[in-house]
Amino acid sequence: MNFSKLPKEKRNRLVLVALLALIVMAGLYFGLIQSQTGSLERLAQKKDAAAQKLKGVGDAIRQTDRIKAEVDEVRATLASTESDIASGDLYAWVINSLRQFKAPYRVDIPQYSQLSTPVDVNLLPGFPYKQATLTVAGTARFHELGQFLADFENRFPHVRLVNLTLDANSPSAAAEPETLSFKLDIVTLVKSNAS
């Protein structure tokens with residue numbers, strides 16, 4: 001079709017109709033199609049985020065058995081580790097443990113004080129155990145005492161020997177050469193429910 005042969009009035013109307021059609025199409029594009037495209041992009045992003053979250057939940061579900069096995073293993077390790085923590089009659093536990101352990105050593109411990117009331121451990125906040133202290137005194141040869149103290153702390157990792165006082169001039173130490181009198185505090189962890 002040749003536009004130059006059309007009368008001017010029809011040509012103007014045709015151009016006006018074409019412009020109106022372009023304006024309507026542009027309006028439809030910007031008004032409807034572009035907003036729908038933006039909505040579709042936002043939905044696609046939400047879908048991707050939900051898919052990632054679902055994948056994370058699926059991974060967690062698949063790892064449940066492994067995590068449960070790890071928790072059971074840690075509980076068993078904790079129970080094994082807690083087996084030598086003081087419980088029940090605390091005074092009897094400490095005295096019996098000390099007497100059984102010192103049997104092969106030439107260490108004499110005739111004096112035991114009363115066990116202190118278990119108190120919260122002030123080393124770490126929220127620590128699940130308490131601590132109790134017992135003071136003991138006795139005599140031993142220097143080397144034998146050193147070996148006994150080292151072996152005792154290695155055998156009982158939840159017990160600390162503190163405030164060791166040595167005296168070579170005491171009457172009980174003077175009876176035998178190279179013998180020392182000693183006094184020390186035994187600090188033991190206590191299961192919180194055992195107090």
Side-chain angles (χ1 to χ4, degrees), residues 1-3 11-94 96-98 100-101 115-134 149-164 184-195:
M1 172 180 219
N2 193 355
F3 291 111
R11 202 175 2 165
N12 286 344
R13 282 187 183 168
L14 188 58
V15 169
L16 186 62
V17 168
L19 279 174
L20 282 174
L22 280 173
I23 290 172
V24 167
M25 287 189 336
L28 286 173
Y29 176 75
F30 288 111
L32 296 176
I33 296 174
Q34 193 173 22
S35 68
Q36 289 298 317
T37 303
S39 293
L40 288 175
E41 287 174 0
R42 285 189 296 277
L43 285 174
Q45 290 172 350
K46 286 181 182 179
K47 178 185 167 196
D48 289 343
Q52 288 294 337
K53 191 173 183 180
L54 180 64
K55 183 179 182 272
V57 169
D59 290 345
I61 289 171
R62 281 189 292 282
Q63 294 179 3
T64 301
D65 291 337
R66 182 184 59 82
I67 292 170
K68 185 179 181 309
E70 287 176 5
V71 167
D72 291 343
E73 181 180 331
V74 168
R75 280 189 180 139
T77 302
L78 179 62
S80 170
T81 303
E82 282 184 336
S83 67
D84 64 350
I85 292 181
S87 61
D89 182 358
L90 302 178
Y91 185 75
W93 185 91
V94 173
N96 289 338
S97 297
L98 191 59
Q100 288 173 3
F101 185 79
L115 188 70
S116 69
T117 303
V119 296
D120 289 333
V121 175
N122 56 8
L123 183 62
L124 299 169
F127 197 64
Y129 304 101
K130 294 185 181 275
Q131 71 182 26
T133 304
L134 173 76
L149 296 176
D151 292 347
F152 188 81
E153 279 198 334
N154 287 331
R155 166 62 182 89
F156 298 100
H158 303 102
V159 175
R160 288 290 165 248
L161 304 175
V162 296
N163 300 329
L164 175 62
L184 61 95
D185 292 336
I186 298 173
V187 180
T188 181
L189 288 180
V190 178
K191 291 181 186 176
S192 293
N193 57 1
S195 59

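Since we're looking at a predicted model, the values are computed, not measured.
Checked by atom type and distance alone, the side chain of T133 never pairs as donor or acceptor with a backbone atom of S116 at under 3.5 Å.
Residues satisfying the side chain to side chain contact (heavy atoms under 4.5 Å, CB included) test with V17, not counting sequence neighbours, are none. Residues passing the side-chain hydrogen bond (donor to acceptor under 3.5 Å, both in side chains) test with D72 are K68, sequence neighbours excluded. For A150, the side chain to side chain contact (heavy atoms under 4.5 Å, CB included) test picks out no residue, with sequence neighbours left out. Residues satisfying the side chain to side chain contact (heavy atoms under 4.5 Å, CB included) test with L19, not counting sequence neighbours, are V15.
Residue pairs meeting the salt bridge (charged side-chain N to carboxylate O under 4.0 Å, His left out) criterion with at least one partner in residues 14-29, sequence neighbours excluded, are absent. Pairs passing the side chain to side chain donor-acceptor pair (under 3.5 Å) check and including a residue from residues 149-164, sequence neighbours excluded, read D84-H158, Y105-D151, Q147-D151, N163-D185. Applying the salt bridge (charged side-chain N to carboxylate O under 4.0 Å, His left out) test to pairs two or more places apart or on separate chains, none has a residue in residues 33-47. Pairs of residues two or more places apart, or lying in two chains, that qualify as salt bridge (charged side-chain N to carboxylate O under 4.0 Å, His left out) and include a residue from residues 13-37 are E9-R13.
Summarising the geometry of T188 relative to W93, their closest heavy-atom pair is OG1-CZ3, 3.9 Å, with the distance given to 0.1 Å. The two residues L90 and P118 have their closest heavy-atom pair at CD1-CG, 3.5 Å.
Within the model, atoms CG of L164 and CG of L149 stand 6.0 Å from one another, a figure rounded to the nearest 0.5 Å.
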Table please: side-chain donor-acceptor pairs of residues 52-65 below 3.5 Å, with sequence neighbours left out.
| from | atom 1 | to | atom 2 | distance (Å) |
| --- | --- | --- | --- | --- |
| D59 | OD1 | R62 | NH2 | 2.2 |
| R62 | NH1 | G58 | O | 3.4 |
| Q63 | OE1 | R66 | NH2 | 3.1 |
| T64 | OG1 | A60 | O | 3.0 |
| T64 | OG1 | I61 | O | 2.9 |

